[in-house]
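Remember, it's 1-based here, ligands and their atoms both numbered in the order they're listed.
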Amino acid sequence: MPSVVILISGSGSNLQAIIDASQSEQCPINIAAVISNRANAKGLERAQQANIKTAVIDHTQFNGREDFDQALVKQIDTYQPDLVVLAGFMRILTHEFVEHYTGRLINIHPALLPDFPGLNTHERAIKSGVKEHGATVHFVTTEVDGGPIILQAGVAVKSNDTAKELAQRVLQQEHRIFPLVIKWFAEKRLVLNDNKVFLDQQQLPETGINYAQVTENQ
Ligand code: GRF
């Protein structure tokens, strides 16, 4: 089974969705370790409850981004992962880190990229008046939130939505699309080649696959 290392910073609800999928055999992976940059991340408890190894590498204990990322790479590589998953990992990574894992590093972002990269996506989506918001899973490249898109799920924005309500509905979609992408990767159906995404040898459009188009048996 492919070995996966998951990086988190907080609640870890996406981590939980991935753990659940891996336990139900929908998603044939071995989660080798969960690493957090925050000692109090709730996701660490979720991992421990599932008997997954955990590690904390506290970014505040390092002199700079380079030193932190080097320590992270060193720890991750002890598990020899086939895939590294950023599941709510709230640190910008150095080019060296990203290049080290190119093609086996994926992230989830709570917006329909390329719209709303960065933080506070739900507030910004509401303010901008868009009718549709959502979530994106993408390969990570050196451009922050700019890597090639794999899968997106849309969520309708209601006229009276608060950022919290919208975030909640987006999160539900995140929990569907992230394990699915990991499953595709584990089945060796998903490949990044020359900055382009291929699923079952078919090149994906720039906005990836729309989850509404995904059929049951995928
Ligand atoms: C998610 O919305 C994710 O897209 C964003 O941070 C949040 C993490 O939530 N990057 P959780 O820790 O998985 O619950």
Going by distance alone, is a donor N or O of one side chain under 3.5 Å from an acceptor N or O of the other, for [X] and [Y]?
| X | Y | answer |
| --- | --- | --- |
| Q26 | S24 | yes |
| Q48 | T54 | yes |
| T121 | H109 | no |

At what distance is the nearest protein heavy atom to [atom], and which residue and atom is it?
| atom | answer |
| --- | --- |
| atom 9 (O) of ligand 1 | N14 ND2, 4.0 Å |
| atom 12 (O) of ligand 1 | G12 N, 2.7 Å |
| atom 10 (N) of ligand 1 | I108 O, 3.7 Å |
| atom 14 (O) of ligand 1 | S13 OG, 2.6 Å |

Could you give the side-chain donor-acceptor pairs of residues 112-119 under 3.5 Å, partners two or more places apart or in another chain?
none

Taking only non-hydrogen atoms of S11 and a 4.0 Å limit, the atoms of ligand 1 in range are 12 (O), 14 (O)
Distance filter under 4.0 Å to G88 heavy atoms, resulting ligand 1 atoms: 6 (O), 8 (C), 10 (N)
Ring-plane angle category for F68 and F89, please: parallel below 30°, perpendicular beyond 60°, tilted otherwise. parallel
Report the residues that fulfil side-chain contact (heavy atoms from CB on, under 4.5 Å) with V73, sequence neighbours left out, ordered by chain and then residue number. D77, F97, H100, Y101
To the closest 0.5 Å, what do you measure between CD1 (I182) and CD1 (I150)?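 Taking CD1 in I182 and CD1 in I150, the distance rounds to 9.5 Å.
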Judging by distance only, is a nitrogen or oxygen of M90 under 3.5 angstrom from one on ligand 1? no
Any N or O on H109 sitting closer than 3.5 Å to an N or O of ligand 1?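 Among all N and O atoms of H109, none is under 3.5 Å from an N or O of ligand 1.
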Test of ring centre spacing under 6.0 Å for H133 and H122: yes
Could you check whether any heavy atom of I8 sits closer than 4.0 Å to an atom of ligand 1, since that is the contact criterion I want to use?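 The answer is no: ligand 1 sits nowhere under 4.0 Å from a heavy atom of I8.
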Within less than 4.0 angstrom of ligand 1, does G43 place any heavy atom?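 Not so, G43 does not reach ligand 1.
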Just going by heavy-atom distances, which of E174, H122, Q16 is nearest to atom 3 (C) of ligand 1?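 That would be E174.
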